[in-house]
Amino acid sequence: VQLQASGGGLVQAGGSLRLSCAASRRTFYHMGWFRQAPGKEREFVVAISWSGDSAYYADFVKGRFTISRDNAKNTVYLQMNSLKPEDTAVYYCAAAKNTIVVVTTKEYDYWGQGTQVTVSS
């Protein structure tokens, strides 16, 4: 499956962005968002089960980011509110064939190309 991430951009601190990740076909995979800032390792942000009924958030985004999915459109969304300069990174979506929702990069099987999010102070 191919993943296409979009929706990144430049926003002021406190602002919002919504990222989208479109899959090339219908899947029953769990989906996740990761991010990578310059000079840092890629880190887990949030994941959602294939059905959309459960989600797991990194502590640093709880209460600010919301993940959702529309399986009819083969698309996962990441609504990001109250953005901070430290949220600046390239955001990647990924799909996992695992039977449970996973949070480490090595457990994801497919990756999108990334979309840049820049938050100015």
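Values in this document were obtained by computation on a predicted structure and should not be read as measured data. Starting from 1, each residue takes its place in the sequence as its number.
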K.L.:
Could you tell me whether the side chains of Thr75 and Asp70 share a donor-acceptor contact shorter than 3.5 Å?
P.N.:
no
K.L.:
Without swapping roles, check the side chain of Thr115 against the backbone of Tyr91 for a donor-acceptor pair under 3.5 Å.
P.N.:
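Not a single qualifying donor-acceptor pair exists.
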K.L.:
Cation-pi check for Tyr77 against Arg18: NZ or CZ below 6.0 Å from the six-membered ring centre and within 45 degrees of the axis, yes or no?
P.N.:
yes
K.L.:
When hydrophobic residues are tied together by side-chain contacts of less than 4.5 Å, even through go-betweens, does Val61 share a cluster with Trp33?
P.N.:
yes
K.L.:
Do Leu78 and Val46 have side-chain heavy atoms sitting under 4.5 Å apart?
P.N.:
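The answer is yes, as the side chains (C-beta and beyond) meet within the 4.5 Å cut-off.
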K.L.:
Quick one: are Val1 and Tyr29 in side-chain contact, heavy atoms under 4.5 Å?
P.N.:
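Of all side-chain heavy-atom pairs linking Tyr29 with Val1, at least one is under 4.5 Å.
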K.L.:
State whether the side chain of Ser51 and the backbone N or O of Ser49 hold a donor-acceptor pair below 3.5 Å, judged by distance alone.
P.N.:
no
K.L.:
Taking Asp109 for its side chain and Lys97 for its backbone only, find out whether a donor-acceptor pair lies under 3.5 Å.
P.N.:
yes
K.L.:
What distance separates Gln116 CD from Gln36 CD, expressed to the nearest 0.5 Å?
P.N.:
11.0 Å
K.L.:
State, with a plain yes or no, whether a side-chain heavy atom of Leu10 is found less than 4.5 Å away from one of Val117.
P.N.:
no
K.L.:
Could you walk me through whether Phe65 and Asp87 satisfy the side-chain contact (heavy atoms from CB on, under 4.5 Å) test, starting with their C-alpha distance in whole Å, then the side-chain angles of each, then the deciding distance to 0.1 Å, before giving a yes or no?
P.N.:
CA-CA 11 Å; Phe65 291 10; Asp87 293 319; 4.0 Å; yes
K.L.:
If only atom types and distance count, is the side chain of Arg35 paired as donor or acceptor with the main-chain N or O of Val90 below 3.5 Å?
P.N.:
no
K.L.:
I'd like to check Thr105 versus Glu43 (side-chain heavy atoms, cut-off strictly below 4.5 Å). Are they in contact?
P.N.:
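The answer is no; the side chains never approach within 4.5 Å.
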K.L.:
Distance check, rounded to the nearest 0.5 Å: Leu83 atom CG versus Thr88 atom OG1?
P.N.:
8.5 Å
K.L.:
Might you point out which heavy atoms bring Met31 and Val76 nearest each other, and give the distance in Å?
P.N.:
CG-CG2, 3.5 Å
K.L.:
Stepwise, does the side-chain contact (heavy atoms from CB on, under 4.5 Å) test hold for His30 with Val102?
P.N.:
CA-CA 8 Å; His30 306 311; Val102 290; 5.9 Å; no
K.L.:
Using the rule that two of Ile, Leu, Val, Met, Phe, Trp, Tyr join whenever any of their side-chain heavy atoms come within less than 4.5 Å, decide whether Leu17 and Phe34 are in one cluster.
P.N.:
no
K.L.:
Looking at side-chain heavy atoms only, is the closest gap between Arg64 and Met80 below 4.5 Å?
P.N.:
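They are not in contact (no side-chain heavy atoms under 4.5 Å apart), so the answer is no.
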K.L.:
In terms of relative ring orientation, are Tyr92 and Trp111 parallel, tilted or perpendicular, with 30° and 60° separating the classes?
P.N.:
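Tyr92 and Trp111: perpendicular rings.
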K.L.:
Find the distance between CD (Gln79) and OG (Ser20) and round it off to the nearest 0.5 Å.
P.N.:
9.5 Å
K.L.:
Can you confirm whether more than 12 heavy atoms, excluding those of Gln2, are under 6.0 Å from its CD atom?
P.N.:
no
K.L.:
Please check: side-chain N/O of Gln12 versus main-chain N/O of Ser121, any donor-acceptor pairing under 3.5 Å?
P.N.:
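Such a contact is absent between Gln12 side chain and Ser121 backbone.
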K.L.:
Under 4.0 Å between a side-chain nitrogen and a carboxylate oxygen: does that hold for Asp59 and Lys62?
P.N.:
yes
K.L.:
Please tell me whether Tyr56 and Phe44 form a close aromatic pair, meaning their ring centres lie under 6.0 Å apart.
P.N.:
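Judged by ring-centre distance (under 6.0 Å), Tyr56 and Phe44 do not meet the cut-off.
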K.L.:
Take Val101 and Ile48 through the test side-chain contact (heavy atoms from CB on, under 4.5 Å) and record every step on the way to the result.
P.N.:
CA-CA 7 Å; Val101 179; Ile48 189 169; over 6 Å; no
K.L.:
So, Trp50 versus Phe28, ring centres under 6.0 angstrom or not?
P.N.:
yes
